Amino acid sequence: MTRRKSAIKSFFLALLLLWLSCVQIPAAQWSDALGRTVSLQEAPQRIVSLVPAVTEILFALGLGDRVVGVTDFCTYPPEARQKPSVGGYADPSLEAVATRSPDLVFLAADMGSPALLSRLEQLGVQVYVLDPRGLEEAIAGMRAVGAVCGVAEAGERLAKELEDEIAHVEKAVAGRPRPRVLFAVMPQPLTVAGPDTLVGDLLVAAGARNVVPPGANRYPTWGIESLLPADPDFIVLSPHTGLPDPENMLSDWLELTAVREGRIISVDPDWVHRPGPRLKLGLRALANAFHGLDLPVPENQP
C-alpha cells in the first residue's frame with residue numbers, strides 16, 4: 001500500500017513538472033525612450049553596452065560581471081576596459097555583438113541610427129534605447145537601467161544620489177549672482193551648448209546663466225560675430241584628445257571679458273557629457289569655478 005501511494009505521488013509530481021514546463025511565464029515589458037516595447041523573460045545576464053554612460057551605470061549598480069561587451073569609448077571604470085570591445089558606439093561590429101550572445105543591448109538614441117537599431121534587432125536580441133538629453137532624463141535613465149536589469153532598488157539609490165547632489169549644489173549657490181557662461185563643446189568649428197542640453201542643465205544647477213539662446217539647434221556653431229556680443233563672464237572648455245586646445249584659440253580675443261580676466265576654465269568632458277554617476281563631479285567642478293566654492297572634487301581619476 002505504501003509503495004502504491006509513493007507511485008501515485010511520483011505520478012502526480014511528474015504531471016506537475018510537465019505542466020510547469022509547458023506554462024509560458026509572462027515576460028516583463030519595458031518601454032524605452034523611443035516608445036518601443038522591450039520584453040524580457042528574466043533579468044538579463046549577458047549585456048552589451050554601446051553607451052559609455054550606461055557602462056558606468058552598470059558597474060555602479062554592481063552589474064559589471066554581467067557586462068560581456070562594450071565600446072572602445074567605455075573607459076570608466078578601469079574594469080570596463082578589460083571587457084571585450086565590439087567597436088565604436090555609433091558603428092559597432094554586428095558580428096562582434098552577435099558573438100557575445102547578449103540577452104540585452106543598450107543603445108543611445110543620439111548615437112545609434114535607425115539602421116543600426118534595425119540591424120541589431122535582426123540579430124534576435126532585445127535592444128533598449130535611452131535618450132538622456134538633460135539632467136531629468138539622465139536620472140530617469142539610471143532608474144530605467146536598474147529596473148530593466150532586475151535591480152530596481154539599486155537604480156533608485158543611484159538616481160537619488162544624483163538628485164541629492166543637485167539639490168545640495170543648488171542650495172549652496174542660491175542667492176549668489178549668476179555669471180553668464182559659454183560652454184564650448186568643440187573648438188573647430190566652435191560648437192557651443194544650448195540650454196536644451198545636459199550641459200545647459202548643469203550650468204543652471206551650478207548657478208550660472210547660459211549665454212546661448214534657445215534655438216532649433218541644441219549645439220549651434222558660433223563665429224566671432226556671435227561670441228563678441230555675448231561676451232560671457234566665463235568660458236568653459238571641454239578638451240578632447242587629438243583636437244586643438246580651445247584655450248589657445250581664444251587667447252588672442254582680448255575683447256572678451258572671460259579671456260581678459262582669465263576666466264577660462266576646463267572640465268573633464270566625461271564629467272559633463274556622459275549622463276551617468278560622475279555628473280555630480282562635473283556639477284561640483286562648475287559650481288566651484290563660478291562661485292569660489294570648495295566642494296570636494298577628485299583631482300585625478302583613472
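All of these numbers come straight from a predicted model, not from anything done at the bench.
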With sequence neighbours excluded, what pairs up with [X] under the side chain to side chain contact (heavy atoms under 4.5 Å, CB included) test?
{"X": "T221", "answer": "P189, T191"}
{"X": "L34", "answer": "D32, R36, A109, L117, V129"}
{"X": "E156", "answer": "R143"}
{"X": "E261", "answer": "T257, R263"}

For this session: Group every Ile, Leu, Val, Met, Phe, Trp and Tyr by side-chain heavy-atom contacts under 4.5 Å, then state whether V212 and V259 land in the same group.
Result: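 In one cluster with V212: V259, yes.
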Quiz item: Are I166 and V204 connected in the hydrophobic side-chain network, where two residues link if heavy atoms are under 4.5 Å apart?
Solution: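 They do not share one cluster, since no chain of ILVMFWY contacts under 4.5 Å joins I166 to V204.
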Once rounded to the nearest 0.5 Å, what's the spacing between atom [atom1] of [X] and atom [atom2] of [Y]?
{"X": "F234", "Y": "L182", "atom1": "CZ", "atom2": "CG", "value": "13.0 Å"}
{"X": "I265", "Y": "I235", "atom1": "CD1", "atom2": "CD1", "value": "10.5 Å"}
{"X": "S49", "Y": "Y89", "atom1": "OG", "atom2": "OH", "value": "12.0 Å"}
{"X": "S238", "Y": "W271", "atom1": "OG", "atom2": "CH2", "value": "12.0 Å"}
{"X": "L107", "Y": "L130", "atom1": "CG", "atom2": "CG", "value": "8.5 Å"}
{"X": "S39", "Y": "Q29", "atom1": "OG", "atom2": "CD", "value": "4.0 Å"}

Is there side-chain contact between [X] and [Y], with at least one heavy-atom pair below 4.5 Å?
{"X": "C149", "Y": "F106", "value": "yes"}
{"X": "I47", "Y": "V68", "value": "no"}
{"X": "L63", "Y": "F59", "value": "no"}
{"X": "V173", "Y": "L293", "value": "yes"}
{"X": "H273", "Y": "L198", "value": "no"}
{"X": "D103", "Y": "V125", "value": "no"}
{"X": "L203", "Y": "F183", "value": "yes"}
{"X": "P277", "Y": "L162", "value": "no"}

Could you pull out all residues at least two apart from R284 that satisfy side-chain hydrogen bond (donor to acceptor under 3.5 Å, both in side chains)?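 R284 satisfies side-chain hydrogen bond (donor to acceptor under 3.5 Å, both in side chains) with E165 once adjacent residues are dropped.
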I'd like to check the side-chain hydrogen bond (donor to acceptor under 3.5 Å, both in side chains) partners of D72; sequence neighbours left out, ordered by chain and number.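 For D72, the residues satisfying side-chain hydrogen bond (donor to acceptor under 3.5 Å, both in side chains) (neighbours in sequence not counted) are S85.
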For [X], all residues meeting salt bridge (Lys or Arg N to Asp or Glu O under 4.0 Å), sequence neighbours excluded:
{"X": "D164", "value": "K160"}
{"X": "R66", "value": "none"}
{"X": "R133", "value": "D131"}
{"X": "E161", "value": "K280"}

Heavy-atom pair of closest approach, residues [X] and [Y]:
{"X": "L279", "Y": "A138", "answer": "CD1-CB, 4.0 Å"}
{"X": "L116", "Y": "A90", "answer": "CD2-O, 3.7 Å"}
{"X": "V70", "Y": "A80", "answer": "CG2-O, 3.7 Å"}
{"X": "L61", "Y": "V151", "answer": "CD1-CG2, 4.3 Å"}
{"X": "P177", "Y": "P179", "answer": "O-CD, 3.2 Å"}

Got a sec, which pairs hit salt bridge (charged side-chain N to carboxylate O under 4.0 Å, His left out) with one end in residues 183-212, sequence neighbours left out?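 Of all non-adjacent pairs touching residues 183-212, none passes salt bridge (charged side-chain N to carboxylate O under 4.0 Å, His left out).
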Practice problem: Any salt bridge (charged side-chain N to carboxylate O under 4.0 Å, His left out) involving residues 169-188? Give me the pairs, sequence neighbours left out, ordered by first then second residue. | Solution: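 Residue pairs with at least one partner in residues 169-188: there are none.
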Result of checking V169, L295, V272 against L283 for side-chain contact (heavy atoms from CB on, under 4.5 Å)
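Only one of V169, L295, V272 forms a side-chain contact (heavy atoms from CB on, under 4.5 Å) with L283, namely V169.
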Query - Over 12 non-hydrogen atoms of neighbours within 6.0 angstrom of CD in E136 - result: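 No, not enclosed.
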Residue R119 excluded, over 12 heavy atoms near CZ under 6.0 Å:
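Not buried by this count: 12 neighbours or fewer within 6.0 Å.
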Would you confirm whether [X], through its side chain, and [Y], through its main-chain N or O, come within 3.5 Å as a donor-acceptor pair?
{"X": "K83", "Y": "T71", "answer": "no"}
{"X": "T99", "Y": "E95", "answer": "yes"}
{"X": "Q45", "Y": "A43", "answer": "yes"}

Worksheet item: Do the side-chain N and O atoms of R274 and T75 include a donor-acceptor pair separated by under 3.5 angstrom?
Response: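 Side chains of R274 and T75: pair found under 3.5 Å.
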